[in-house]
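Have a look at the structure below before the remarks.
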Protein chains: 2
Amino acid sequence: MEWCRIDQDTANALKEKLPVEEEMQDLAEFIRVFGDPTRLGILFYLREKPLCVHDLSLLTGMQQTAISHQLKVLRQMRLVRYYKEGRMAIYSLNDSHISQILDIGLKHSAEEVRND
Amino acid sequence: MEWCRIDQDTANALKEKLPVEEEMQDLAEFIRVFGDPTRLGILFYLREKPLCVHDLSLLTGMQQTAISHQLKVLRQMRLVRYYKEGRMAIYSLNDSHISQILDIGLKHSAEEVRND
DNA sequence: ATTATATATGAATATATATTCATATGTTCA
DNA sequence: TGAACATATGAATATATATTCATATATAAT
């Protein structure tokens, strides 16, 4: 390989420090779940309070089926869990770790507003 | 509106706490930049050392044009900057804030490995 | 029992976006 | 000056994914 500004040893050392390809793929996939406004909305609402699908639909202004589909994604990524209460499904965040990640998002969001 | 488990006042209070729709859109867009393995790779490498396009291409194993396109995205989102050195373009992270966000990603990545 | 309600899901559609290909621009070196 | 190199970019292609529509299932209410 012909490097421009680094040599082979430096290249190897850099590669050692990074997550391997599969980890990178998994990390990107995990992050991508937060990269959709509908899912972000759902997560932010659930951060405040456990909610049923119908109420999430009204709060976000999205159709019930859209919410159900996104909840399925969030379930598969283990970001949310739910239990049944009669005919309703009550969703909540899976753990506080998720809530912390959302906090970082809110913080960044606030900073953006300040900087523009 | 007909709520299932909350009343109108609770709904209003919840909505007050959340970022408005446009902020949510912007935040999702910002997060999405990190949700791609190629861009993540570029960012992680630049976190270690400023690098030219060619070396980034070799390090990531991606074609030069793919890297250039993604660098353009990262530039537009102001995550990276560059200067010209002869015919080369040397890219680096725009500020330490970005580096901190990547740290969180790495931490999560490590936790995933532990949990599986 | 029949009707209304809450949710889930497969299929279709629309849209976003990552990569490649072809090629242009500018720089270095012989 | 001409050839090789580094980078950027528009267009084409491929692929992922968000939403809607139609509909199924299960529970509650009358």
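This one's a predicted model, so the numbers in the text were calculated from it and none came from an experiment. Worth knowing before you read on, the calculation uses all heavy atoms, side chains too, and leaves out hydrogens, waters and symmetry mates. Letters go in sequence order (proteins before strands), and every chain restarts at 1.
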Winner on side-chain proximity to B/Gln70, out of C/dT9, D/dA8, C/dT19, is C/dT19
From C-beta outward on A/Val53, which listed nucleotide comes closest to its side chain: D/dT9, D/dA18, C/dA8? C/dA8
Does A/Arg39 place a side-chain N or O at less than 4.0 Å from the phosphate oxygens OP1/OP2 of D/dA18? yes
Counting heavy atoms from C-beta on, name the nucleotide in D/dT9, C/dA6, C/dA8 closest to the side chain of B/Cys4. C/dA6
Hey, is the side chain of B/Tyr91 poking within less than 4.0 Å of OP1 or OP2 on D/dA8, counting only N and O atoms? yes
It should be established whether B/Gln64 places a side-chain nitrogen or oxygen under 4.0 Å from OP1 or OP2 of nucleotide D/dA6. no
Closer than 3.5 angstrom, by distance alone: can the side chain of A/Asp55 be matched with the main-chain N or O of B/Arg5 as a donor-acceptor pair? yes
Length of the CE-P vector between A/Met62 and C/dT7, whole Å: 16 Å
Could you pull out the closest heavy-atom pair between B/Leu46 and B/Leu51, with the gap in Å? CD2-N, 3.8 Å
Of the candidate nucleotides D/dA6, D/dT27, C/dA22, which contains the atom at the shortest distance from the side chain of B/Thr65? C/dA22
Can a side chain N or O of A/Arg32 be found less than 4.0 Å away from OP1 or OP2 on D/dT17? yes
Does the B/Asp95 side chain pair with the main chain of B/Ile98, one donor and one acceptor, at a distance under 3.5 Å? yes
Within this structure, what is the OH-to-P distance between A/Tyr83 and C/dA8, rounded to whole angstrom? 14 Å
Donor-acceptor pair between B/Gln8 and B/Asn12 side chains, under 3.5 angstrom: yes
Which residue lies more 5' along DNA chain D, comparing B/Leu71 with A/Asp36 via nearest heavy atoms: B/Leu71
Tell me whether the side-chain N or O atoms of A/His69 pair up with the base of D/dT20 as donor and acceptor below 3.5 Å, since no angle test is needed here. yes
Report which part of the nucleic acid A/Arg75 touches: base, sugar-phosphate, or nothing (heavy-atom distance under 4.0 Å, all strands). sugar-phosphate
Taking NZ in B/Lys17 as the centre, count heavy atoms belonging to other residues, nucleotides or ligands within less than 6.0 Å. Is the count above 12? no
Using a cut-off of 4.0 Å on non-hydrogen atoms, how would the nucleic acid contact of A/Arg5 be classed: base, sugar-phosphate, or nothing? nothing
Pick base, sugar-phosphate or nothing for B/Ala66, based on heavy-atom distances below 4.0 Å to the nucleic acid. base
Atom-pair distance (CD on B/Gln25; P on D/dA18), nearest Å: 12 Å
Atom-to-atom span, CD1 of B/Ile67 to C1' of C/dA18 - whole angstrom: 12 Å
Could you state the atom-to-atom distance from CE of B/Met88 to C1' of D/dA4 in whole Å? 15 Å
Taken to the nearest whole Å, CD/A/Glu85 to P/D/dA28 is 10 Å
